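What follows is one structure encoded as structure tokens, with my remarks underneath.
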Amino acid sequence: MSNQTTERRPWSFLTELPANVWHSIFRNPLPQSDVGRSSTSFTNFFLHIQPVKVHRHSLRLTYTWGLGLMAFFLFLILSVTGVLLMFYYVPSTTQAYDRMLDLRGTVAFGIFLRNMHRWAAHGMVAVVFLHMCRVFLTGAYKRPREFNWVLGVGLFLLTMFASFTGYLLPWDQLAFWAITVGTSIASYAPVFGKDVKFLLLGDASVGQEALLRFYVLHVAVLPLIMSVLVAVHFWRVRKDGGLSRPPEEDEKFPEPEPIAAAAAADASVVTTVSAVTLKAPLEKKTYGIQGIVRGPFTKIGNVPDGSVFSWPNLLLLELLVFLVTVAGVLIVSMYFNAPLEEPVNIMHPPNPAKAPWYFLGLQEMVSYSAFWGGVGIPTIEVILLLLVPYLDRKPVGVGKWFAKERLLANSLFMTFVVVNIVLMVVGTFFRGPNWEFVSPW
Ligand code: HEM
């Protein structure tokens, strides 16, 4: 009888192949229990980036609006479409524009690819800015998240710079004159201004050297730096105790008892274990370390700490944000084509020549004072942004939109936001030839 059941047919390795390959990649079956959910998150490379358990408050879409994730997914879309565009693009002043025409006319889905890349780039600048506003208005930059805010400010500047360097690549009139205006703003800085401009352009004016430099910065240097910073940014979100939340959210659930000495000897990484866990004899537990690490989230069993398993709660939410982001980019790319003007003509500057929209606030300020508008005020703004968490130290109003306790800070920030948006709108819609005020109606 045993011969009958254990005998393997010679071709059984073939029938078992799919299951064997599957199990060699995914070590856990679809999770049915808490241990399974915990194990699935912990042993999967992509899932272990997020915690095994996450606080309920962090899953409220109306808290984050998924903006940080959306920025990340836009970055991914830009990376994929950007690499595909690299197969066609040549960073040469004699070929770049023709390659744009090829994308439009001969390459299958070329125009769609370019649209996706263009609109995702604009979208990312806007979404990263909105994410920064959400973080500020919920007081989420306060201790212990000061440094993550600083990293974020760096990411914001890099996002704008990445978009700016990409702007030149089509080598049409729009690109050429926008970058000519943009880089001349840099030259208004005292002492180093001219050197910075020369460093960026590799020449006295925008030409082949500038195109090559912008290309290398755009496709290699900036994405690489951003990838590292985004990774550190995510890591800090976890190390800072997950997303910010109001203290009341934690007070609903009492702090667990300190761990018993015997349990501490069992696993050196454990600092405390919940009272509920202690009721069960620890030596009988077979959970991996993921079950007992007491971070802000990870516990064994249904510990009443306001957290839920990331699988499937967080995962489904992430999937939703991903789908919304991809759908948004696809729909916009279907209906609107990325602009492509006449090829570069250095003898015929458009009047007015305008920088990309996110720099039009700067350009508007430059029209009042070259130094203060182009360099002085923006530098002060960036320094103030970087210092925000070190100036505003009171641990009040964290984790709530427009908290009463933060009325002054939020009002100052909103003034900064509104002034910048108004300047941008004026620069975009209300400025005509010679930068004269015109009515768009
Ligand atoms: C490439 C740009 C960025 C990406 C991909 C990104 C991504 C994320 C993600 C996914 C989160 C967690 C979920 C969420 O809050 O939506 C987060 C949180 C955070 N981000 Fe960003 N972010 C970026 C830029 C920024 C900027 C510009 C700032 C501020 C200047 C910032 C500051 C923060 C802070 C302080 C947190 C923790 C928030 C909390 O605990 O509530 N990030 N970021």
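The first residue of the sequence shown is numbered 1, and numbering continues consecutively from there. Here the structure is a predicted model, which means the values were calculated and not measured. Atoms within a ligand are numbered from 1 in the order they appear, just like the ligands themselves.
Among A140, P144, G68, the residue whose heavy atom lies closest to atom 16 (O) of ligand 1 is G68. Compare R245, H233, H57 by their heavy atoms: the one nearest to atom 43 (N) of ligand 1 is in H233. Closest to atom 2 (C) of ligand 1 by heavy atom, among L67, V128, L157, is V128.
Here the CD1 atom belonging to I179 is positioned 10.5 Å from the OG atom belonging to S184, to the nearest 0.5 angstrom.
Considering backbone and side-chain N/O atoms, H131 comes within less than 3.5 Å of an N/O atom of ligand 1. Between V153 and ligand 1, no N or O atom pair is found at a separation short of 3.5 Å. Where the criterion is an N or O separation shorter than 3.5 Å, residue side chain and backbone included, T64 fails it with respect to ligand 1. For ligand 1, the polar-atom distance check against S244 finds a nitrogen or oxygen pair separated by under 3.5 Å. At a 3.5 angstrom cut-off on N or O pairs, T159 does not count as close to ligand 1.
By the 6.0 Å contact criterion, NZ on K239 is open, its count of non-hydrogen atoms from other residues, nucleotides or ligands being 12 or less. Enclosure of atom CZ in R27 is not indicated, since only 12 or fewer non-hydrogen atoms of other residues, nucleotides or ligands lie within 6.0 angstrom. More than 12 heavy-atom neighbours from other residues, nucleotides or ligands sit within 6.0 angstrom of OH on Y390. Around atom CZ of R60, more than 12 heavy atoms belonging to other residues, nucleotides or ligands sit under 6.0 Å away. The number of heavy atoms from other shown groups lying within 6.0 Å of CH2 (W235) does not exceed 12.
Here V135 has side-chain heavy atoms under 4.0 Å from ligand 1, and that is the only part of it that gets that close. Under 4.0 angstrom from ligand 1, there are no non-hydrogen atoms of F129.
Close approach to M124 involves these atoms of ligand 1, each under 4.0 Å from a residue heavy atom: 1 (C). Interface atoms of ligand 1 facing F72, defined by a heavy-atom separation under 4.0 Å, are 5 (C). In the vicinity of F156, heavy-atom distances shorter than 4.0 Å reach the ligand 1 atoms 27 (C).
Regarding atom 3 (C) of ligand 1, its nearest protein heavy-atom neighbour is L155 CD1, 3.9 Å. Taking atom 37 (C) of ligand 1 as the reference point, the nearest protein heavy-atom neighbour is R145 CD, 4.2 Å. The nearest heavy-atom contact from the protein to atom 13 (C) of ligand 1 is L243 CD2, 4.0 Å. At the top of the distance list for atom 28 (C) of ligand 1, counting protein heavy atoms only, stands G152 CA, 3.3 Å.
Using 4.0 Å as the threshold, R134 has a heavy atom nearer than that to some atom of ligand 1. Within the structure, the closest approach of W149 to ligand 1 falls below 4.0 Å when heavy atoms are considered. Under a 4.0 Å heavy-atom criterion, F234 is in contact with ligand 1.
If you look at F214 and Y167, their ring centroids are not closer than 6.0 Å.
The side-chain heavy atoms of H55 and L243, taken from C-beta on, include no pair separated by under 4.5 Å. Counting heavy atoms from C-beta outward, F129 and V417 have side chains that approach closer than 4.5 Å.
Ring geometry for F437 versus F430: interplanar angle under 30°, hence parallel rather than tilted (30 to 60°).
Remark: K354 is positioned above the aromatic ring of W435, its terminal NZ or CZ atom under 6.0 angstrom from the ring centre and at most 45 degrees off the axis. Annotation: cation-pi pair R406/F136 present, NZ/CZ under 6.0 Å from the ring centroid and within 45° of its normal.
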